[in-house]
Amino acid sequence: MRVKICGITKPQQGQAIASLGATALGFICVPTSPRYVTTEKIQAVIREIPKEIDKIGVFANLSQAAISDIVSACQLTGVQLHGDESPAFCEQLRHQLPNVEIIKALRIRNLDHLKTATIYTQYVDTLLLDAYHPQQLGGTGQTLDWQMLEEFRPGCPWFLAGGLTPDNIIDALTQLKPSGIDLSSGVEHAPGDKDLEKVALLFTKLESIC
Ligand SMILES: O=C(O)c1ccccc1N[C@@H]1O[C@H](COP(=O)(O)O)[C@@H](O)[C@H]1O
């Protein structure tokens, strides 16, 4: 299973988290976020991590040209679209960035909203389900209603996100079988400052259920 740790801002923490077992690191390219990182900071982290780790930029309602510039400057392997990007936007971006994983994040409000996820499956590589928050785009620490996701079979790989922690990860994965998990605030001291003990505990818990 893929394990993405998001909101990396420090090269040493990125390196340590990759060594602990993360398969992907996420970089918040949303200027209003407390976890926002500049292109230069992303480059500094990427210099310290192995090639095989997926490097995902998180964007919200940014233009395709601006996303492409950051992808190419940082050599990102994937983009996570966390705003209100339409299926058409995802399709166009996929054509523009054919070798880059396109992940569409959906902040799920209810079961009806969850059904709209399937509209995206033909235009993206991967879906990511996060909890809805009226004021914040992400990194809220709020969990989804996992029961609502029990029948979720989108026809493409998907990440479970939203309020995952070392304490609730076993419950989540007992109930659901996503292709990957994505954690941010559940493994940090403060926004953008990851807690390596919590990350290590996460991987110990994951080993116990594999
Ligand atoms: O983390 C942020 O600050 C952020 C800002 C804007 C868009 C997305 C953001 N983070 C994403 O939110 C989810 C869930 O985070 P959490 O585990 O609940 O803290 C995750 O996919 C992050 O990539």
Side-chain angles (χ1 to χ4, degrees), residues 1-30 33-37 41-42 44-58 76-78 80 82 101 103 105 107-108 126-133 136-150 152 157-210:
M1 189 181 58
R2 298 175 72 185
V3 181
K4 171 169 169 276
I5 304 294
C6 208
I8 305 295
T9 63
K10 300 170 195 286
Q12 283 171 340
Q13 291 188 352
Q15 191 183 38
I17 290 168
S19 313
L20 285 167
T23 65
L25 299 185
F27 304 98
I28 306 293
C29 305
V30 179
S33 167
R35 301 177 184 85
Y36 172 71
V37 273
K41 272 204 175 169
I42 299 173
V45 177
I46 287 179
R47 270 197 292 275
E48 302 300 325
I49 59 175
K51 271 202 165 56
E52 62 272 17
I53 302 291
D54 297 329
K55 299 162 258 302
I56 313 291
V58 179
L76 297 175
T77 61
Q80 177 177 323
H82 221 97
E101 180 182 15
I103 303 171
R107 293 167 283 127
I108 301 298
T126 308
L127 287 171
L128 182 148
L129 301 187
D130 191 9
Y132 175 75
H133 187 286
Q136 282 169 257
L137 283 170
T140 65
Q142 290 200 349
T143 49
L144 279 152
D145 174 359
W146 297 333
Q147 202 175 348
M148 183 171 75
L149 305 183
E150 278 177 357
F152 186 63
W158 67 284
F159 274 96
L160 177 66
L164 297 175
T165 71
D167 289 335
N168 67 16
I169 199 66
I170 303 264
D171 287 347
L173 295 178
T174 304
Q175 214 168 325
L176 303 172
K177 299 288 169 246
S179 327
I181 52 173
D182 180 19
L183 295 87
S184 184
S185 57
V187 286
E188 63 188 8
H189 295 292
D193 183 16
K194 295 299 165 198
D195 181 335
L196 298 180
E197 284 183 16
K198 283 186 185 166
V199 178
L201 181 58
L202 171 76
F203 283 102
T204 304
K205 296 264 178 117
L206 291 175
E207 272 166 27
S208 75
I209 54 164
C210 282

> Within a strict 4.5 Å, meaning less than it, do heavy atoms of the Ile42 and Cys29 side chains meet?
Replying inline: yes

> Which heavy-atom pair separates Pro166 from Gly186 by the least distance, and what is that distance?
Replying inline: CD-O, 3.5 Å

> What's the spacing between Arg107 CZ and Asp130 CG if we round to 0.5 Å?
Replying inline: 8.0 Å

> Hey, does the side chain of Thr140 reach the backbone of His133 with a donor-acceptor pair shorter than 3.5 angstrom?
Replying inline: no

>> To check you understand the geometry: which heavy-atom pair defines the closest contact between Ile8 and Phe27, and what is its length?
In response: O-CD2, 3.6 Å

> Does the side-chain contact (heavy atoms from CB on, under 4.5 Å) test come out yes or no for Ile28 and Thr9, once each step is laid out?
Replying inline: CA-CA 9 Å; Ile28 306 293; Thr9 63; over 6 Å; no

>> Looking at every non-hydrogen atom in both residues, tell me the closest pair between Gly163 and Thr143 and how far apart they are.
In response: O-CG2, 3.5 Å

> From Lys177 NZ over to Met1 CE, what is the distance, rounded to the nearest 0.5 angstrom?
Replying inline: 9.0 Å

> Of Asp182, Ile56, Leu127, Asp54, which is the lone residue that meets side chain to side chain contact (heavy atoms under 4.5 Å, CB included) with Ile103?
Replying inline: Ile56

> If you take all heavy atoms of Ala161 and Leu128, which pair is closest and at what distance?
Replying inline: CB-CD2, 3.6 Å

> Below 4.5 Å, heavy atoms only, C-beta onward: do Leu173 and Leu206 meet side chain to side chain?
Replying inline: yes

>> Please report the interatomic distance CD1(Ile5) to CD(Glu188), rounded to the nearest 0.5 Å.
In response: 10.5 Å

>> Just verifying a value: how many Å separate Lys194 NZ and Leu25 CG, rounded to the nearest 0.5 Å?
In response: 10.0 Å

> Minimum heavy-atom separation for Gly14 to Val45, with atom names?
Replying inline: CA-CG1, 4.3 Å

> Nearest 0.5 Å, what's the CG-NZ distance between Leu164 and Lys4?
Replying inline: 11.0 Å

>> Taking ring pair (Phe, Tyr, Trp, His ring centres under 6.0 Å) as the definition, give me every residue that meets it alongside Tyr36, ordered by chain and number, with sequence neighbours left out.
In response: none

>> For Ala131, is there any backbone N or O sitting under 3.5 Å from a side-chain donor or acceptor partner on Gln142?
In response: no

>> Would the distance check show the side chain of Thr204 and the main-chain N or O of Ala200 forming a donor-acceptor pair, the cut-off being under 3.5 Å?
In response: yes

> Do the non-hydrogen side-chain atoms of Lys10 and Asp193 ever get within less than 4.5 Å of each other?
Replying inline: yes

>> Pair Val3, Leu202 - check side-chain contact (heavy atoms from CB on, under 4.5 Å), show working.
In response: CA-CA 10 Å; Val3 181; Leu202 171 76; 4.2 Å; yes

>> Please determine whether side-chain contact (heavy atoms from CB on, under 4.5 Å) holds for the pair Glu101 and Thr77, giving the CA-CA distance in whole Å, both sets of side-chain angles, and the decisive distance to 0.1 Å.
In response: CA-CA 6 Å; Glu101 180 182 15; Thr77 61; 5.8 Å; no

> Within a radius of less than 6.0 Å around CD of Gln147, do more than 12 heavy atoms belonging to other residues, nucleotides or ligands occur?
Replying inline: no

>> side-chain contact (heavy atoms from CB on, under 4.5 Å), that's the test. Do His82 and Val30 meet it? Break it down for me.
In response: CA-CA 9 Å; His82 221 97; Val30 179; 5.8 Å; no

> Should Leu201 and Lys205 count as side-chain neighbours, where that means a heavy-atom distance under 4.5 Å?
Replying inline: yes

>> Can you confirm whether Arg35 sits close enough to Val58 that some side-chain heavy atom of one is under 4.5 Å from a side-chain heavy atom of the other?
In response: no

> Taking atom types as modelled and ignoring hydrogens, do the side chains of Gln175 and Glu150 form a donor-acceptor contact shorter than 3.5 angstrom?
Replying inline: yes

> Do Met148 and Ile108 have side chains that get closer than 4.5 Å, going by heavy atoms?
Replying inline: yes

> If only atom types and distance count, is the side chain of Ser184 paired as donor or acceptor with the main-chain N or O of Cys6 below 3.5 Å?
Replying inline: yes

>> Ignoring hydrogens, what is the shortest heavy-atom contact between Pro157 and Ser179? Give both atom names and the distance.
In response: CA-OG, 3.2 Å

>> Are the side chains of Val187 and Ile17 in contact, using a 4.5 Å heavy-atom criterion?
In response: no

>> Any heavy-atom pair between the side chains of Trp146 and Asn168 that's under 4.5 Å?
In response: yes

> Atom CD of Glu52 and atom OG1 of Thr23: how far apart are they, to the nearest 0.5 Å?
Replying inline: 10.5 Å

